[in-house]
> 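Just dropping this structure here.
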There are 2 protein chains.
Amino acid sequence: MALEHAILVSLLEQPGSGYELARRFERSIGRFWTATHQQIYRVLKRMETDGWITADQVAGGRPDKRSYSVVGPGRDVLADWLRAPVQPEAVRHELAVKIRGAAFADAAGRTALVAEVERYRASHHEILAGYLTGEARDFPDPPGEDDRHRLQHVVLRGGIAYERMVLAWLDDVLDTLRGLGR
Amino acid sequence: MALEHAILVSLLEQPGSGYELARRFERSIGRFWTATHQQIYRVLKRMETDGWITADQVAGGRPDKRSYSVVGPGRDVLADWLRAPVQPEAVRHELAVKIRGAAFADAAGRTALVAEVERYRASHHEILAGYLTGEARDFPDPPGEDDRHRLQHVVLRGGIAYERMVLAWLDDVLDTLRGLGR
DNA sequence: AACGCCATGTAAGCAGTTACATGATTCA
DNA sequence: TGAATCATGTAACTGCTTACATGGCGTT
């Protein structure tokens with residue numbers, strides 16, 4: 001129920017087309033909110049109808065790009081949402097279910113799970129490396145004075161802290177899986 | 001797409017009724033997979049039709065409780081799923097969106113957000129305290145030899161590590177929010 | 001008598017995923 | 001010539017949430 005709000009924030013940071021939003025949702029915003037282009041186009045249409053955003057036709061690109069910007073009512077909606085309580089997160093941690101499920105797997109199944117956890121660990125290692133590269137590029141040491149910049153940085157630090165925690169925990173998981181049955 | 005699997009694991013750990021499952025999804029399993037009773041009943045029915053589980057009628061309770069157990073095909077489904085790659089998590093971190101949105105809020109809106117983050121932090125502090133109490137109760141220091149026990153413990157340690165990380169990050173967030181505009 | 005817990009469901013609707021579809025531009 | 005990228009959608013479906021409904025038992 002907050003894709004609209006994620007879009008509002010993204011469009012305030014930088015107006016853009018549905019396609020551009022979809023690409024941002026694959027990169028920066030996608031770190032904490034995922035969405036496909038189909039969904040984005042549908043929601044953009046509704047937001048435009050409701051008067052939260054307006055579209056400027058941009059000729060030049062071929063199918064005539066529509067660049068969206070947030071207007072008054074959209075800003076109000078965002079302000080109201082910012083004041084509302086944060087909804088408790090709906091947790092969906094598939095790997096945790098699998099680990100508890102390993103108790104009912106045979107030796108071959110457990111070996112396969114160890115390999116899978118290693119692969120999963122490698123992918124998180126890559127994500128962390130990507131974050132650290134981005135941090136070095138976008139947030140050089142003397143902390144900037146720009147509010148927006150500082151807020152983006154603290155969100156990125158959250159992603160970094162999360163990935164480090166996951167990696168440490170996965171090591172714990174691998175030790176545990178390998179030590180099963182004595 | 002893995003509620004079925006979470007239910008299979010839970011029923012293997014301990015057979016039970018839809019109602020009991022719903023309560024477990026509020027407590028232990030709910031730490032990493034949420035589900036309401038409506039959804040659970042629907043999925044249980046389908047799983048029974050597909051022959052993954054069977055129900056034993058238990059008289060005594062009033063509306064005649066149906067206690068479910070996993071049978072052969074259900075075990076096979078779980079074993080196959082354990083071998084399949086872990087799906088990348090679909091991230092939904094509302095607070096991160098709000099923090100980036102704070103760049104577009106006025107002073108009053110930011111003050112409200114600080115208060116909300118403090119409330120959110122307190123709720124995570126409670127969750128951590130609950131985990132630590134549960135750990136002391138269910139996993140006393142000499143590590144047990146039971147595989148199932150050790151796997152449940154490593155999952156709980158993951159929850160504990162997550163909550164500690166969140167608390168540290170929220171302190172970082174609060175420092176950042178309070179330090180905005182110099 | 002009222003409240004909370006045990007126990008099981010139906011119905012409606014919305015959010016999100018997957019598959020399919022189109023067409024122009026740019027680069028190898 | 002073909003592949004990748006830009007750009008925008010429709011259609012069908014699945015999963016999940018929210019609201020509503022029923023009824024007995026035990027406790028205060």
Side-chain angles (χ1 to χ4, degrees), chain A residues 1-8 10-11 14-27 29-30 32-50 53 55-68 81 87-94 97, chain B residues 1-8 10-11 14-27 29-30 32-50 53 55-68 81 87-94 97:
Chain A
M1 262 274 271
L3 175 57
E4 292 91 330
H5 305 112
I7 288 177
L8 286 173
S10 191
L11 287 180
Q14 177 77 45
S17 68
Y19 186 84
E20 280 161 359
L21 279 170
R23 296 193 61 218
R24 291 183 212 167
F25 273 82
E26 279 169 13
R27 306 190 203 298
I29 312 281
F32 42 89
W33 207 273
T34 53
T36 59
H37 77 273
Q38 292 92 332
Q39 208 185 333
I40 289 168
Y41 282 118
R42 215 166 344 113
V43 171
L44 280 173
K45 203 164 275 183
R46 188 172 68 230
M47 290 168 78
E48 195 187 5
T49 307
D50 294 348
I53 56 176
D56 298 301
Q57 210 74 13
V58 177
R62 227 36 47 194
D64 268 15
K65 182 164 84 169
R66 316 190 73 216
S67 183
Y68 291 97
W81 176 72
Q87 297 295 114
E89 323 282 327
V91 188
R92 289 287 143 98
H93 203 329
E94 202 189 4
V97 181
Chain B
M1 262 274 270
L3 174 56
E4 291 90 334
H5 305 111
I7 289 175
L8 286 173
S10 191
L11 287 180
Q14 176 79 46
S17 69
Y19 186 84
E20 280 161 358
L21 279 170
R23 297 193 60 217
R24 289 183 214 168
F25 273 83
E26 279 170 13
R27 305 191 205 298
I29 312 283
F32 42 88
W33 207 272
T34 55
T36 58
H37 76 272
Q38 291 92 330
Q39 207 185 331
I40 289 167
Y41 282 118
R42 216 167 344 113
V43 172
L44 279 173
K45 204 165 277 184
R46 188 171 69 231
M47 290 169 77
E48 195 187 4
T49 307
D50 294 347
I53 54 177
D56 297 301
Q57 210 76 15
V58 176
R62 226 37 48 197
D64 269 14
K65 184 163 83 169
R66 316 190 73 216
S67 183
Y68 291 97
W81 176 72
Q87 297 295 114
E89 323 282 328
V91 187
R92 289 286 142 97
H93 203 330
E94 202 188 4
V97 181

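Here is how names work: the chains are called A, B, and so on, in the same order as the sequence lines, proteins then strands, and each is numbered from 1.
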> How many Å lie between CD on Q87(B) and C1' on dT18(C), as a whole number?
13 Å
> How many whole angstroms separate atom CG of D56(A) from atom P of dA7(D)?
15 Å
> How close or far is atom P of dG9(C) from atom CD of E20(B), stated in whole angstroms?
14 Å
> Do Y68(B) and E48(B) come close enough that some side-chain heavy atom pair is under 4.5 Å?
yes
> Which whole-number value in Å describes the distance from R23(A) CZ to dA7(D) C1'?
12 Å
> Show the nearest heavy-atom pair for residues A6(A) and F25(A), with the distance to one decimal.
CB-CZ, 4.0 Å
> Under 4.0 Å from any atom of DNA chain D, heavy atoms only: list the residues of residues 34-44 of chain B that qualify, in numerical order.
Q38(B), Q39(B), R42(B)
> Would you say the side chain of I29(A) lies within less than 4.5 Å of the side chain of I7(A), judging by non-hydrogen atoms?
no
> Without decimals, in angstroms, what is the distance between E26(B) CD and dC5(C) P?
11 Å
> Run the side chain to side chain contact (heavy atoms under 4.5 Å, CB included) test on R46(B) and E4(B) for me, step by step, so that the C-alpha distance in whole Å, both residues' side-chain angles and the decisive distance to 0.1 Å come before the verdict.
CA-CA 9 Å; R46(B) 188 171 69 231; E4(B) 291 90 334; 2.6 Å; yes
> Taking NZ from K65(B) and C1' from dG24(D), how many angstroms apart are they, rounded to a whole number?
15 Å
> How close or far is atom C1' of dG9(C) from atom CD of E48(B), stated in whole angstroms?
14 Å
> Verify the contact: side-chain N or O of S17(B) to OP1 or OP2 of dT8(C), cut-off strictly under 4.0 Å; return yes or no.
yes
> Go through the steps for Q14(A) and E20(A) under the test side chain to side chain contact (heavy atoms under 4.5 Å, CB included), then give the verdict.
CA-CA 10 Å; Q14(A) 177 77 45; E20(A) 280 161 359; over 6 Å; no
> Spell out, as yes or no, whether a donor-acceptor pair under 3.5 Å connects the side chain of E94(A) to the backbone of A2(B).
no
> To the nearest angstrom, how far is Y19(A) atom OH from dA24(C) atom P?
17 Å
